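Here is the structure we will look at.
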Amino acid sequence: MAGANSWSLPKPRPNGPPFFSRSQISTVLHQVGVLLELNGANPFRTRSYLNGSRTLSAMTNDLYEYVSNGTLVDIKGIGKGLASGITQAVEEGDWPKSWAELFETTPSGLIEMLGIPNLGPKRIKMMHDELGVENIAELAAAAEAGLIEPMKGFGKKSQQKIIDGIELLHRFHARRRLNIGQRYGEAFEALISGIPGVIKAQLAGSTRRRKETIGDLDIVLAVDLDRHEAVTKSILGLQGIADVKGAGDSKVSLILDTSLFSDGFQLGHIDAQVLDAIGGDAYEQLESGGTIDAQIRLVEPHHFPYTLAYFTGSVEHNIRLRKRAIERGLRLNEFGLIPDEKAGGLKGIEAAQYSLLANDEADIYRHLELNYVVPELREDTGEIEAAESGDLPELISYSNIRGALHNHTTLSDGAASLEQMANAAIQMGWSWLGISDHSQSLKVANGVGPDALLAQGKLIHRLNQQWDKDGTDFRIFQGVESDVLAGGKLDYSDDILATLDHVIASVHAITKWRARDEVTNTEELIKTMENPYTTILGHPTGRILQGRDGFPVDMHEVLRATAELINDGHTKAIELNASPYRLDLDWRLCKYAKELGVPISINPDAHSLAGLFDVHHGVQIARKGWLEKGDILNSKSADELSAYFSG
DNA sequence: GCCGTTTTCGGCCCGACTGTTTTCAGTCG
């Protein structure tokens, strides 16, 4: 969960019940769980709050219905305790006293400290209790002054690790965006693959699951036992290693830097608004001097599928698999799947000599009577159930993409002309491209006035005619990225809007929207969708990954309202902004949009030719969000899309 | 705090690594 800054309990909406939304309750449960951790509570108690939060965030039914029927306890993972707290909040607008006290008595600086690598709640609490440390700045000062080292259970190394960890946190907020992780991970994986003795090398962890941000890199290697030492030695000689944190026979911990990339680390063109949110020019400097942690694990080939599955995660998915194994008289660990009676008292790798054989991960799922689950779906958001019943989705792939909407040109703040963008799309094998420059109110992005927009329309018309005459299978759709004005109004008069193929409505007054409450924002977004000229809601929450949180909004509600509009015959879709800095709509909501029948448009929001390639990032996230070919606009042919726009 | 074909107690996924210890606690995935 992003942004640990200044947690506080939300205020009840004025006209309840319900006084709080499902997403608000979910957030509070998560925060209570973390605060309990920091207060040294029973870890299982902590977990039940975190589980409860997860359950609610994945839940798509109306929470208030459960509350008013008194059926909350029927939900698995919600017991008497959580149910009574939730009920009190939703029905009376009042948080349980014990929860409120946690918020009041826990310094918010402690929450931020959880972001420091290798520092968890126990030691944070200890330093708070013994040294009076209340925030990261005070912790840094205490470490620099040598106050940590003499404490029981700490030492010189832990003190230095804290100093280093704070430095890392300040530079990168500890986590990195997926695209950065993939570039480091894939480059290093390729280097390792070339080492003699390495039978297989595979990037695992959250990068393989395509999480939008990642902590560090996990790479699993299949290596014969007698080659482990030689391979480890070779790894330590590879380029790109800034530091070796540890090197044993089965695990190597490294810090990688940009010397991994022979031709340097280039970021490419970044949309000015995005760049602003992630630190401006200093950001590029930061990334070029950046580092990333990597863990390499060496196992024998017959363990490889188990180790790969284990380190791919997620933790929640693995827990479900292990429980399933237990129900079948089996034990699952990172080395094997072992029948109980054979394992006896043996543990770990010792027990694994009796493991069932697995040539690949699919075999592991087969042993557990499940269909194979691709890494993107391993988040325990219903994939186990679907794998059991045979209802796993047939996920989209890049080959389904025939074009993309939401692209900018030099007419507003793009770096390439209309013709250049179109030619690039043709080169990519697409059969259509949607152009949507910024609307007139967005002065900082050189927003387009009505006359220039109409002129662009004429140019597009001419180009389309030309391609038609040439027999070139390509078409441009003219849209606009309209600012959302007060009351869900769009940025042009109706007669101008009527000339366009599509209108992407995007909120850009982020500061104002972030300062407002969830209810107001939700209503405004719904009004925006209700505007007859709105076709697509652009970057729905305005978040910038590792830059800023989105504005508060109940996207479930917005999606439900959108579904109703679609049922009434309107043409509406939601953007999955494919920029690796945004990836907004969040993948967690894609699955719900799909269930409601709300189409998703994977939009690169390209501000340059290279920006069009961001569609690849969007496809990855769409897959993570369970989307199939029929759920996205990008798989339509030009004729199908044209028909879709005209309703 | 949740859960239950061992249901009101006593479990809760499992193992490795690190740094600190001399048998273990904390953290991570």
Side-chain angles (χ1 to χ4, degrees), chain A residues 29 32-33 36-37 40-55 72-86 96 98-99 113-114 116-127 148-162 165 174 204-209 211 214-218 220 245-253 293 295-299 303 306-327 330-338 343 346-352 378 380:
Chain A
L29 289 186
V32 169
L36 281 170
E37 254 186 331
N42 176 341
F44 297 106
R45 188 172 165 227
T46 297
R47 187 183 298 168
S48 42
Y49 278 89
L50 298 179
N51 278 342
S53 166
R54 261 172 50 79
T55 305
L72 265 180
V73 286
D74 294 344
I75 302 171
K76 199 169 157 53
I78 309 282
K80 266 189 182 168
L82 292 183
S84 101
I86 295 169
S98 64
W99 298 4
M113 281 187 221
L114 281 171
I116 300 169
N118 301 310
L119 200 55
K122 296 253 168 60
R123 297 201 296 170
I124 289 172
K125 179 172 159 49
M126 198 190 291
M127 290 186 293
I148 309 281
E149 188 186 335
M151 287 174 59
K152 199 177 169 201
F154 289 78
K156 221 182 187 63
K157 283 204 174 173
S158 350
Q159 181 167 277
Q160 189 56 44
K161 268 191 152 180
I162 287 172
S206 41
T207 317
R208 184 168 181 236
R209 295 202 318 279
K211 274 287 286 289
I214 60 136
D216 54 13
L217 301 172
D218 291 285
V220 181
K245 287 167 75 180
D249 274 350
S250 61
K251 181 178 167 180
V252 181
S253 291
D293 282 17
Q295 259 93 62
I296 325 304
R297 289 177 167 87
L298 290 76
V299 293
H303 290 147
Y306 289 105
T307 313
L308 179 62
Y310 185 88
F311 285 106
T312 296
S314 66
V315 175
E316 291 81 6
H317 180 85
N318 286 351
I319 289 174
R320 290 291 304 274
L321 291 187
R322 283 194 209 105
K323 283 186 180 164
R324 206 175 160 86
I326 292 169
E327 288 162 15
L330 297 163
R331 261 188 247 164
L332 179 63
N333 65 26
E334 66 192 89
F335 302 111
L337 182 59
I338 309 114
L346 296 177
K347 290 202 156 191
I349 200 163
E350 309 255 299
R378 300 181 194 168
D380 190 20

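What you see is a predicted model; the values in this text were computed from it and never measured. Numbers restart at 1 for each chain; the letters A, B, ... are given by sequence-line order, proteins then strands.
Residues A/Lys122 and A/Asn42 each lie close to DNA chain B; by heavy-atom proximity, the contact nearer the 5' end of the strand is made by A/Asn42. Two residues, A/Met151 and A/Leu114, neighbour DNA chain B, and the one matched to the more 5' nucleotide by heavy-atom proximity is A/Met151.
The side chain of A/Ser158 places an N or O atom within less than 4.0 Å of a non-bridging phosphate oxygen (OP1 or OP2) of B/dT20. For the OP1/OP2 pair of B/dC3 and a distance below 4.0 Å, the side-chain nitrogens and oxygens of A/Ser48 include no atom meeting the criterion. Look at A/Arg47 and you won't find any side-chain N or O under 4.0 angstrom from OP1 or OP2 of B/dC12.
Atom CE in A/Met126 sits about 11 Å away from atom P in B/dA25, given to the nearest Å. A/Ile162 places its CD1 atom 12 Å from the C1' atom of B/dG19, with the value rounded to the nearest Å. When rounded to the nearest whole Å, the span between CG of A/Leu337 and P of B/dC14 equals 12 Å. Protein atom NZ of A/Lys125 is 15 Å distant from nucleotide atom C1' of B/dG26, rounded to whole Å. As a whole-Å value, the separation of A/Ile148 CD1 from B/dT20 C1' is 15 Å. What separates CG of A/Leu29 from P of B/dC2 is a distance of 10 Å, to the nearest Å. Atoms CG (A/Leu82) and C1' (B/dC3) sit 13 Å apart, rounded to a whole Å. The separation between A/Phe311 atom CZ and B/dG29 atom P is 10 Å, rounded to whole Å.
Across all strands shown, A/Ile319 has heavy atoms under 4.0 Å from base atoms, whether or not it also approaches the sugar-phosphate. The residue A/Asn318 sits apart from the nucleic acid: no heavy atom pair falls under 4.0 Å. Here A/Gly81 lies in heavy-atom contact (under 4.0 Å) with sugar-phosphate atoms only. Across all strands, A/Pro43 comes closer than 4.0 Å to no nucleic acid atom at all (heavy-atom distances). Across all strands shown, A/Asp216 has heavy atoms under 4.0 Å from sugar-phosphate atoms exclusively, and none from any base. Residue-level contact check: A/Ser314 touches neither bases nor backbone, having no heavy atom under 4.0 Å from any strand. Using a 4.0 Å heavy-atom cutoff across all strands shown, A/Ile78 reaches sugar-phosphate atoms only and no base atom. A/Lys156 comes within 4.0 angstrom of the backbone, heavy atoms only, and of no base. Within the 4.0 angstrom heavy-atom criterion, only backbone atoms of the sugar-phosphate kind lie near A/Ile326; the bases stay farther away.
Nucleotides B/dG1 and B/dT5 place their C1' atoms 24 Å apart, quoted to the nearest Å. A gap of 23 Å separates the P atoms of B/dA16 and B/dT22, to the nearest Å. For the P atom pair drawn from B/dG19 and B/dG11, the interatomic distance equals 33 Å after rounding to whole Å. Separating the C1' atom of B/dC12 from that of B/dC17 is a span of 23 Å, rounded to the nearest Å. B/dT20 and B/dA25 are spaced 16 Å apart, taking the P atom of each and rounding to whole Å. Taking atom C1' in both B/dC9 and B/dC14, one finds a spacing of 24 Å when rounded to whole Å.
Of the listed nucleotides (B/dG19, B/dG26, B/dG15), B/dG15 has the atom at the smallest distance from the side chain of A/Tyr310. Looking at the side chain of A/Pro121, the nearest of the listed nucleotides B/dG1, B/dT27, B/dG29 is B/dT27. Of the candidates B/dG29, B/dC28, B/dA16, the closest approach to any side-chain atom of A/Asn118 belongs to B/dC28. For A/Phe44, the side-chain atoms get nearest to B/dG1 when compared with the rest of B/dG1, B/dC28, B/dG29. If you check B/dC3, B/dC17, B/dG26 against the side chain of A/Lys76, the one that comes closest is B/dC3. The side chain of A/Ser250 lies closest to B/dC17, out of B/dG15, B/dC17, B/dT27.
Put simply, the side chain of A/Ile338 does not reach to within 4.5 Å of the side chain of A/Leu330, judged on heavy atoms. Side-chain atoms of A/Tyr49 and A/Trp99, non-hydrogen and from C-beta on, do get closer than 4.5 Å to each other. Looking only at side-chain heavy atoms (C-beta outward), A/Ser250 and A/Arg297 stay at 4.5 Å or farther from each other.
Judged as a side-chain hydrogen bond (donor to acceptor under 3.5 Å, both in side chains), and not counting sequence neighbours, the contacts of A/Asp293 are A/Lys245. By the side-chain contact (heavy atoms from CB on, under 4.5 Å) test, A/Ile319 pairs with A/Val315, A/Arg322, A/Lys323, sequence neighbours left out.
Around CD of A/Glu350, the count of heavy atoms belonging to other residues, nucleotides or ligands within 6.0 Å does not exceed 12.
Within the shown strands, nothing qualifies as a pairing partner of B/dT8 under the Watson-Crick or G-U definition with both distances less than 3.5 Å.
Residue-to-nucleotide contacts include no donor-acceptor pair under 3.5 Å from the side chain of A/Asn51 to the base of B/dG1.
Of the possible polar contacts, one joining the A/Thr307 side chain to the A/Glu334 backbone as a donor-acceptor pair under 3.5 Å is found.
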Item to complete: Any chance you could lay out the side-chain hydrogen bond (donor to acceptor under 3.5 Å, both in side chains) test for A/Arg208 and A/Thr312, step after step, and finish with the verdict?
Response: CA-CA 7 Å; A/Arg208 184 168 181 236; A/Thr312 296; 2.8 Å; yes
